[in-house]
Amino acid sequence: MALYQEIIMIMNSTKLTATQVSLLICEGLILLFISLAFWYPIDLYTGGRQDWLWTLWLAVPVFAMRLRVYGNLWTHTYLHDLLVIFIILTAFSYANAPFQRESYLSVMGRPLLGIWSVIYFIELTRVTRSLKPVIILFTIMSATIAFFAIGASQWDDSKMGFLRVIADPLPQLDAGAIAMNIDGRICNPLINVIHETACFNAGTLVEKALLSFHVNEIAGAMAWLIPVMVTFAFMKSPAENNPPESKLHFWLIIKGIAGIISIVMIVALILGQSRFAIVGVFATLTLLILIQTKKSKWKYRIVGIIAILMVIQGGLLFNVFSSTDAAIEEPVSPGLSSRDAASMAGRFAIWEQSIRMTFDYPSTGIGLYRFRTAISWDKYSIPYTPPPHAHNEWLNIGAEMGLAGLLLYISIQGVAGWMLWQGWSKGDTLIRTIALATFAGFLSHAAYGLGDVIALWDRLHFIYWWLLGLTGAQYNLLTIQKSDLQDKLDVSDATVTMIE
């Protein structure tokens, strides 16, 4: 109820017209629908994401309406220029790289949706002159990921050790069983407007959604989200100084929900045992606690808890708590498991070939979303099962998009970092909180990205675009506040001049 009241207050305080509200709501619903449709994989035989690629063209009437209402297609930031170059560069790569997917949109559908989401987050903040709507959206999304992380992860016995006793009692989401229990095929001529079969089958949709996650995949998502949620949970409410009751309730609700999400995700992360994600998250959390917590007693207690968890993690990594190597089912002495040793050896081989791909095709890369195809090629073959990505975020970009793509990707990260620094150094309490939370999410995932990848084309990479959206949103609000302050100063100067 408090969240609903807060949204209504935002709408009233900014005096939005019915057209402006309708445009925001319609665009948000369209993005939600496309996001759900694009969750599905490409399946050329039974249907999948490729059946919904046409929905990206809905951007044309939406942007046309925005041009009519506001006089521009989007609010410009430095990110927009780089994102336009990104689209051009990917089109060039698709046309000239040695390996291609079946169509440009089949591989670029998700990134284009992500770029649209960035623009929407910025526009939502500009029009409402508030970060609260994007905070609400981000919190709801994080809660959804937390649910799947704890309930739909494919726990790996070879890495868990004694943690198995914690994971076993947890309820597991069985999407296949749910799909079988959903019996209903709805056919209607109206459905044919958006889908050629004119039928809708909820059971098939659940089955094809693949609602089960490799622990390293979902860990990459949590590496983005955990620092953001922890920052929200510990933030100082912007309305704490003589706040209206409804505003105080809003921030208490956000902080409470963020705290619960943080705990659930941290438990899921530890159970999943994605080593790079754990190091990134806990190192970032230590930094956050030192920055955010003012009371030294609580600060050092929390850091101490993190240190204990890291010691336990080290024990799991080096078989301190187990006398048997789960990968080979033989007694072992403390030390790096055979599984982890083989994993690192495999990564070194993959990284070597990724670098070769980057320099062999510096302007195009081997092809968008084509790493597995390229590394299966004799020229780049390795003595392991061909992986879907390079197990390093930047090497994967370089391999698939060449040196040009890698430099552009680093430029986007650099500009995002500069925008966050502006918010942190010059913004009010809320802007500083969003800037810190977003930077922490990027930093934590960067550590994960040193040894694993959620590629630009993957289903969970939308979180990256949402973080870029938060980056642009806080920077845009900072710009608005500076502009408003300058207007007040100009009016004050003009008044003084008239009196004189």
Side-chain angles (χ1 to χ4, degrees), residues 1-11 21 24-39 110 113-114 116-125 127-128 130-153 173 206 209 211 213 218 220-235 237-238 246-247 249-269 430 433-434 437-438 440-441 445 454 459-474 477:
M1 188 65 180
L3 295 180
Y4 174 76
Q5 291 177 346
E6 191 66 32
I7 293 173
I8 297 300
M9 289 178 61
I10 292 172
M11 299 301 179
V21 173
L24 286 176
I25 293 175
C26 288
E27 185 174 7
L29 292 175
I30 289 172
L31 285 170
L32 174 62
F33 174 78
I34 301 175
S35 297
L36 293 175
F38 280 19
W39 178 264
R110 285 169 173 168
L113 172 64
W116 187 357
S117 299
V118 172
I119 294 172
Y120 178 70
F121 270 46
I122 295 173
E123 291 303 310
L124 181 60
T125 302
V127 175
T128 61
S130 172
L131 285 167
K132 291 177 182 177
V134 295
I135 290 175
I136 293 172
L137 291 175
F138 208 91
T139 304
I140 293 172
M141 180 271 289
S142 299
T144 305
I145 297 297
F147 170 78
F148 286 119
I150 203 71
S153 291
L173 175 68
V206 173
L211 297 177
F213 301 88
I218 199 72
M222 292 188 288
W224 274 314
L225 296 176
I226 290 175
V228 177
M229 290 296 103
V230 169
T231 306
F232 285 3
F234 281 90
M235 69 178 172
S237 302
S246 62
K247 289 186 177 181
H249 286 171
F250 171 82
W251 291 114
L252 288 176
I253 291 172
I254 291 296
K255 292 170 69 173
I257 294 175
I260 294 172
I261 293 171
S262 301
I263 294 171
V264 172
M265 283 190 175
I266 289 173
V267 171
L269 181 69
L430 183 54
T433 297
I434 296 300
T438 308
H445 188 85
I454 294 180
R459 57 181 177 174
L460 288 173
H461 202 272
F462 76 91
I463 300 172
Y464 167 81
W465 298 110
W466 280 44
L467 282 174
L468 274 187
L470 279 181
T471 301
Q474 60 86 35
L477 187 59

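Just the heavy atoms: all of them, side chains too, but no hydrogens, waters or symmetry mates, feed the values below.
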A146 to I261 - nearest heavy-atom pair and separation = CB-CG2, 4.1 Å
query = Distance from L137 atom CG to K132 atom NZ, nearest 0.5 Å?
reply = 14.5 Å
key: Which atom of M265 lies closest to which atom of S142, heavy atoms considered   = CE-O, 3.2 Å
ask   = Is the shortest heavy-atom distance from the side chain of V228 to the side chain of T438 under 4.5 Å?
value = no
ask   = Rounded to the nearest 0.5 Å, how far apart are CG of L32 and CE of M141?
value = 12.5 Å
request  = Calculate, to the nearest 0.5 Å, the distance between atoms CD1 and CD1 belonging to I135 and I254 respectively.
outcome  = 7.0 Å
message = Check whether H445 reaches the backbone of A221 with its side chain - one donor and one acceptor, N or O, closer than 3.5 Å.
response = no
query = What are the two closest non-hydrogen atoms of G472 and I122, and how far apart are they?
reply = C-CG1, 3.6 Å
remark   = Nearest heavy-atom contact between A473 and T125 is CB-OG1, 3.2 Å
request  = Please identify each residue that fulfils side chain to side chain donor-acceptor pair (under 3.5 Å) with W466, with sequence neighbours left out.
outcome  = none
key: Worked verdict on L470 versus Q474 for side chain to side chain contact (heavy atoms under 4.5 Å, CB included)   = CA-CA 6 Å; L470 279 181; Q474 60 86 35; 6.0 Å; no
request  = Looking only at non-hydrogen atoms, find the nearest pair between A233 and A258 and report the distance.
outcome  = N-CB, 3.8 Å
query = Parallel under 30°, tilted from 30 to 60°, perpendicular over 60°: which one fits the rings of W39 and F462?
reply = perpendicular
task = Search all heavy atoms of P133 against all heavy atoms of T128 and return the closest pair with its distance.
result = CG-OG1, 3.9 Å
request  = Take W116 and I30, measure what side chain to side chain contact (heavy atoms under 4.5 Å, CB included) needs, and give me the verdict at the end.
outcome  = CA-CA 11 Å; W116 187 357; I30 289 172; 3.8 Å; yes
message = Working note: L467 + F138, criterion side chain to side chain contact (heavy atoms under 4.5 Å, CB included); need CA distance, chi angles, decisive distance, verdict.
response = CA-CA 9 Å; L467 282 174; F138 208 91; 3.7 Å; yes
Rounded distance [0.5 Å steps], CD1 in I463 versus CE in M222 = 10.0 Å
Salt bridge (Lys or Arg N to Asp or Glu O under 4.0 Å) partners of residues 256-266, not counting sequence neighbours, each pair once = none
key: L430/W251 under side chain to side chain contact (heavy atoms under 4.5 Å, CB included): CA gap, chis, key distance, verdict   = CA-CA 11 Å; L430 183 54; W251 291 114; 3.5 Å; yes
ask   = What orientation do Y464 and H461 show, parallel under 30°, tilted 30 to 60°, or perpendicular over 60°?
value = tilted
ask   = What is the distance from atom CD1 of I145 to atom CG of L225, rounded to the nearest 0.5 Å?
value = 6.5 Å
note = Value for CD1 (I434) from OG1 (T471), rounded to nearest 0.5 Å, stands at 10.0 Å
